[in-house]
Amino acid sequence: MAEIDYSKRSFSYYPTNAIVYSTCIEGKWSKPVVTDNFNLSLHCFAGVFHYAPCCFEGLKAFRGVDGRVRLFRPDENAKRMESSAQYLDMPSPNMEMFLDMCVKCVQANWDYLPPTDSCGSLYLRPVLFGMNPQLGIHSSRDVMFVVMASGVGTYSGAKALVPGTAVLSRNYDRAATYGSGGYKLGANYAQSLHAYNLAHKMGYRELLFLDSATHTHIEEFGSSNFFAIKHGCYVTPNSPSVLPSITNKSLRKVAEMEFGLKVERRTIFIDELETFEEVNSCGTAVVITPISRIDDKVTLESGTITREYKYSEECGPVSEKLYRRIIGIQKGIEEDTYGWCMFVNEPK
Ligand SMILES: *Cc1c(COP(=O)(O)O)cnc(C)c1O
């Protein structure tokens, strides 16, 4: 196989060898199948095509400096998928099955694990969706669970820690106050795609959503959480409609236990953006991505004005320290004090 240059790759779909899938029909899970056929055969009345009973996960496998391959906190992804499936009232794989199929997927795509010294990783995408034919409105009885993989570079396709700009989403919400924002559902993305596209067309890398009830405080970016650094504090929103990011959870732990930062999970009003020293998005795909400017386009009777909140053009020192520590754990460069990584054996 020709050498892949992962520094030229972004966070996208790149072909791999195989997927792993299993179906749950009338409450019984089938034995997982590893196949190089990426085309699924589904009934056109399958629930997923109509009412969107679909949730997914995202996690990464890394080739460590010691040559061993690690998955970062896959148990957290298993738990979150279970909670998403519960919200959709449909069956979900248990922890053991989720982990087993992730391991099988990494092993089947071993050739696509990027080298340690690249910015790349093998991104796993587990997806669970309703597959039984239906027309009436009810939750899916039968589901399919598929784990697929892509050998990705950084989120932006550039070097890591390159800052981007964001705009506040004044006219579109990602999730309703008592809605599904806290679950990793495809439907949340369907809801935000249009707004996302508009932001991209305006030249912004990120869209920062506000709380849907009052539009006065910060929730999260389209596909990643928000955190900021200020006066030795790690500040991140506390809201049931924000997706509980595993990256954010890990950063909070490291910030508090190792870097002596005070962790504050609380309401962040828009005005407070002015006072932050460092602002970032965080998530599995973006890891930590610094934000250099947030624009707020406020519509007045006289027209639209843009308020700008400006930050450094480089990653802030505290954020960079957090980034190094997380990557260090993921690649086995530094000690995994918390036992976050799960090792995957090379296939025989
Ligand atoms: C997946 C996701 C995140 C990031 O979660 P991680 O577990 O850190 O990958 C943040 N926000 C949204 C909306 C997401 O879908």
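Note: hydrogens, waters and symmetry copies are ignored here, and every other heavy atom, side chains too, is used. Just so you know, residue 1 is the first one in the sequence shown, and it goes up from there. When a ligand or atom number is given, it counts from 1 through the structure's own listing order.
Within the 4.0 Å heavy-atom criterion, both parts of Thr247, backbone and side chain, lie near ligand 1. Of all the heavy atoms of Ser224, the ones lying under 4.0 Å from any atom of ligand 1 belong exclusively to the backbone.
Near Asn225, meaning under 4.0 Å from one of its heavy atoms, ligand 1 places the atoms 10 (C), 11 (N). Residue-ligand proximity, Arg80 to ligand 1, at heavy-atom distances under 4.0 Å covers atoms 5 (O), 6 (P), 7 (O). Remark: ligand 1 atoms within the under-4.0 Å shell around heavy atoms of Gly283 are 4 (C), 8 (O), 9 (O). With ligand atoms numbered from 1 in the order given, ligand 1 contributes 13 (C) to contacts under 4.0 Å with heavy atoms of Gly222.
Taking atom 11 (N) of ligand 1 as the reference point, the nearest protein heavy-atom neighbour is Glu220 OE1, 2.6 Å. Among all non-hydrogen protein atoms, the one lying nearest atom 13 (C) of ligand 1 is Arg174 NH1, 3.2 Å. Regarding atom 9 (O) of ligand 1, its nearest protein heavy-atom neighbour is Thr284 OG1, 2.6 Å. In terms of protein heavy atoms, atom 3 (C) of ligand 1 is closest to Ser223 O, 3.5 Å.
Between Asp336 and Arg73 no salt bridge is recorded (no basic side-chain N to carboxylate O distance below 4.0 Å). In this structure, Glu264 does not pair ionically with Arg252, as no charged nitrogen and carboxylate oxygen lie closer than 4.0 Å. Taking a cutoff of 4.0 Å between a charged side-chain nitrogen and a carboxylate oxygen, Glu57 and Arg125 do not qualify as a salt bridge. A salt bridge is absent between Lys79 and Glu82; no separation between the charged side-chain nitrogens and carboxylate oxygens falls under 4.0 Å. A salt bridge between Arg9 and Asp5 is absent, with no side-chain N of the basic residue lying under 4.0 Å from a carboxylate O of the acidic one. Under a 4.0 Å N-O distance rule, the pair Arg266/Glu272 qualifies as a salt bridge. Between Arg325 and Glu258, at least one side-chain N (NZ, or NE/NH1/NH2) sits under 4.0 Å from a carboxylate O, which counts as a salt bridge. Under the 4.0 Å criterion applied to side-chain N and carboxylate O atoms, Arg293 and Asp295 are assigned as salt-bridge partners. The pair Arg324-Glu320 meets the salt-bridge criterion, with a side-chain N (NZ, NE, NH1 or NH2) lying under 4.0 Å from an Asp/Glu carboxylate O.
The closest approach between Glu76 and ligand 1 stays at or above 4.0 Å for every heavy atom of the residue. Remark: distances from the non-hydrogen atoms of Lys249 to ligand 1 are all 4.0 Å or more. The shortest separation from a heavy atom of Tyr189 to ligand 1 is under 4.0 Å, placing the residue in contact.
The shortest N or O to N or O distance between Asn248 and ligand 1 is not under 3.5 Å. Some N or O of Lys184 is nearer than 3.5 Å to an N or O of ligand 1, by distance alone. For ligand 1, the polar-atom distance check against Pro244 finds no nitrogen or oxygen pair separated by under 3.5 Å.
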The test is side chain to side chain donor-acceptor pair (under 3.5 Å); show your working for Ser239 and Glu219 and say whether it passes. CA-CA 7 Å; Ser239 158; Glu219 289 250 290; 2.5 Å; yes
